[in-house]
Engineer: 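So that we are looking at the same thing, I have put the structure below in structure tokens.
Along the sequence shown, residues carry numbers from 1. Just so it is clear, the structure is predicted and the values come from calculations on it, not from any experiment.
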Amino acid sequence: MILLGKFLALFPRGLLDAFGAGLGTLVWLLGIRRGVVLSNLELAFPEKPEAERRAIAKATYRNLGRMVVEFLRMPGLSRAEVEGLFDYEGWEHLERAQAQGRGVIACAAHFGNFDLLASAHAQKGVPLTMIARKMGDTKANDLWRSVRHRSGIEELVVKKGETLRAARRALAEGRVLAYVIDQNERRRSAVFPTFFGVPAATAATPAVLSRRAGCPVVFAVSLPLGGGRHKVFVEPVPPRDTGDHDADVLAFMQDLNDRLERWVRAHPEHWYWVHRRWKTRPPLTPGEGAR
């Protein structure tokens, strides 16, 4: 893995970007997940003409190709080289949250190079933990996890039902728990904040954990600046406590989804349109027919 990273680091940045973009274009031409991407874009941007949505889709594939090459290149770079890739805005919010000594939940999303965002935190000395379900034993999964480990990220692989316990243990140790908020949640415990005006099944874990552990929450995204550089933005997320647990949890997750939506509206080509974000639908209310 290190050898692959060092090999890729030998090539000019522009050449790697072109290769990654070409790889993404090939995936688009092969039609892989193309229908899902276009359907998602139509749902999110019904006001945009079809030609504009297709242009966003093509740019998304090119960015995903660049992202893969960029991530695989990381192990071949020195710590100083990695640190030089990032600018920061709002980093003081994370530092203040860490200073409270209760752990921090860092909510991120499939926006920009989200795996590189985690590496940016780790490279700055942040004790970062990611919790993941066990994936298939494939070379691709092993490769991806080896890069994360090389970057200094602690990844806890848990079984079903172990997530909250593992998360609370990481927070109790004062670590920063990275949590991706925009994955479709299939469990019955899902809450349904809106994303682009459509109810989106969302795990309530960040809201529940922050209430139980009393720890602060930040929202973080990274935006490519060109030339291999990225800017990391960190925003504090205020707690919710009106005494109505269910309403507070939903409002908290709605706040996070609203923050992400603002970024996606401004830079739609950098979101991960290839996954079915709105797949799980809210349960029918009494008297409501199937639609």
Side-chain angles (χ1 to χ4, degrees), residues 8 13-73 107-118 135 138 140-141 143-144 180-186 192-202 219-233 256-281 291:
L8 292 174
R13 180 71 223 191
L15 182 61
L16 291 176
D17 279 349
F19 175 76
L23 183 64
T25 299
L26 175 62
V27 175
W28 161 265
L29 292 174
L30 291 174
I32 299 174
R33 307 287 290 183
R34 186 197 299 170
V36 173
V37 171
L38 293 175
S39 177
N40 283 339
L41 283 165
E42 184 177 9
L43 185 150
F45 298 112
E47 75 283 0
K48 293 185 182 295
E50 182 181 356
E52 184 176 352
R53 293 196 297 264
R54 290 181 71 87
I56 293 172
K58 292 177 182 179
T60 298
Y61 276 84
R62 292 195 296 271
N63 284 330
L64 288 173
R66 294 187 187 102
M67 184 180 77
V68 170
V69 175
E70 195 170 46
F71 186 65
L72 295 178
R73 178 175 175 264
C107 292
H110 294 91
F111 182 89
N113 198 329
F114 45 91
D115 262 305
L116 206 64
L117 172 64
M135 298 186 289
T138 66
N141 290 337
L143 178 65
W144 217 250
V180 178
I181 66 165
D182 59 344
Q183 297 186 118
N184 179 67
E185 178 59 53
R186 292 177 291 179
F192 286 87
T194 60
F195 187 55
F196 284 88
V198 181
T202 305
F219 177 71
V221 294
S222 71
L223 186 68
L225 298 175
R229 293 183 55 76
H230 300 260
K231 189 161 187 176
V232 177
F233 298 85
L256 287 167
N257 274 269
D258 289 345
R259 291 170 188 269
L260 174 59
E261 183 176 328
R262 287 194 290 270
W263 281 98
V264 178
R265 285 190 179 276
H267 308 279
E269 71 280 7
H270 290 300
W271 192 59
Y272 198 67
W273 297 100
V274 298
H275 77 302
R276 297 184 64 187
R277 178 65 187 96
W278 296 274
K279 180 179 180 179
T280 299
R281 307 312 310 136
R291 288 178 296 187

Engineer: Might you work through the ring pair (Phe, Tyr, Trp, His ring centres under 6.0 Å) test for Phe219 and Phe233, ending with a clear yes or no?
Structural biologist: CA-CA 8 Å; Phe219 177 71; Phe233 298 85; over 10 Å; no

Engineer: Which atoms form the tightest heavy-atom contact between Glu269 and Ala59, and what is the distance?
Structural biologist: CB-CB, 3.8 Å

Engineer: Does Trp278 reach the side chain of Leu43, with side-chain heavy atoms less than 4.5 Å apart?
Structural biologist: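 Trp278 reaches Leu43 side chain to side chain.
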
Engineer: Locate the shortest heavy-atom distance separating Gly20 from Val69; write the atom from each residue and the value.
Structural biologist: CA-CG2, 3.8 Å

Engineer: Do Leu223 and His267 have side-chain heavy atoms sitting under 4.5 Å apart?
Structural biologist: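 Yes. Closest side-chain heavy atoms under 4.5 Å.
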
Engineer: Could you give all pairs that pass the salt bridge (Lys or Arg N to Asp or Glu O under 4.0 Å) test and reach residues 38-55, with sequence neighbours left out?
Structural biologist: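 Only Lys48-Glu52 qualify under salt bridge (Lys or Arg N to Asp or Glu O under 4.0 Å).
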
Engineer: Where is the tightest heavy-atom contact between Ala200 and Phe195, given as atom of each residue plus distance?
Structural biologist: CB-CB, 4.0 Å

Engineer: Is the closest side-chain heavy-atom distance between Tyr272 and Phe111 below 4.5 Å?
Structural biologist: no

Engineer: What do the steps show when you test Leu256 against Leu260 for side-chain contact (heavy atoms from CB on, under 4.5 Å), and what is the final call?
Structural biologist: CA-CA 6 Å; Leu256 287 167; Leu260 174 59; over 6 Å; no

Engineer: Taking side-chain hydrogen bond (donor to acceptor under 3.5 Å, both in side chains) as the test, write out the residues that go with Asn40, two or more places apart.
Structural biologist: none

Engineer: When you look at CZ of Arg281, are more than 12 heavy atoms from neighbouring residues, nucleotides or ligands closer to it than 6.0 Å?
Structural biologist: yes

Engineer: Between atom NE2 of His270 and atom OG of Ser222, what is the distance when rounded to the nearest 0.5 Å?
Structural biologist: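 Between His270 NE2 and Ser222 OG, I get 9.5 Å after rounding to 0.5 Å.
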
Engineer: Rounded to the nearest 0.5 Å, how far does CZ of Arg186 lie from NZ of Lys279?
Structural biologist: 6.5 Å

Engineer: Does any non-hydrogen side-chain atom of Trp273 lie less than 4.5 Å from one of Val36?
Structural biologist: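 Heavy-atom side-chain distance check fails, nothing below 4.5 Å.
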
Engineer: To the nearest 0.5 Å, what is the distance between OG1 (Thr25) and NZ (Lys58)?
Structural biologist: 9.0 Å

Engineer: Quick check: are there more than 12 heavy atoms from other residues, nucleotides or ligands sitting under 6.0 Å from CZ of Phe192?
Structural biologist: yes

Engineer: Only one of Asn63, Thr60, Asp182 forms a side chain to side chain donor-acceptor pair (under 3.5 Å) with Trp271, so which one is it?
Structural biologist: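 Passing option: Asp182.
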
Engineer: Checking Thr202 against Arg277: is there a side-chain donor and acceptor pair closer than 3.5 Å?
Structural biologist: yes

Engineer: Which atoms form the tightest heavy-atom contact between Trp28 and Ala57, and what is the distance?
Structural biologist: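 Reported closest heavy-atom pair: CZ3-CB, 3.7 Å.
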
Engineer: Do the side chains of Gln183 and His110 get nearer than 4.5 Å, heavy atoms only?
Structural biologist: yes

Engineer: Could you check whether any side-chain heavy atom of Leu8 comes within less than 4.5 Å of a side-chain heavy atom of Leu16, counting everything from C-beta outward?
Structural biologist: yes

Engineer: Taking C-beta and beyond as the side chain, do Tyr61 and Arg34 meet within less than 4.5 Å on heavy atoms?
Structural biologist: yes

Engineer: Quick one: are Arg265 and Phe196 in side-chain contact, heavy atoms under 4.5 Å?
Structural biologist: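 Arg265 vs Phe196: side chains touch.
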
Engineer: First locate atom CZ of Arg276, then atom CG of Asn184, and finally report the distance between them rounded to the nearest 0.5 Å.
Structural biologist: 8.5 Å

Engineer: Looking at every heavy atom in both Gly112 and Met67, which two are closest together, and how far apart are they?
Structural biologist: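 Answer, listing the atom of Gly112 first, then Met67: O-SD, 3.6 Å.
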
Engineer: Using 4.0 Å as the upper bound for N to carboxylate O, is an ion pair formed by Asp17 and Arg13?
Structural biologist: yes

Engineer: Can you find a side-chain donor-acceptor pair between Asn113 and Glu70 that sits under 3.5 Å?
Structural biologist: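 Result is yes, a qualifying pair exists.
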
Engineer: Take Glu185 and Thr280, measure what side-chain contact (heavy atoms from CB on, under 4.5 Å) needs, and give me the verdict at the end.
Structural biologist: CA-CA 7 Å; Glu185 178 59 53; Thr280 299; over 6 Å; no

Engineer: In Å and rounded to the nearest 0.5 Å, what is the CD1 to CG distance from Ile181 to Asn257?
Structural biologist: 5.0 Å

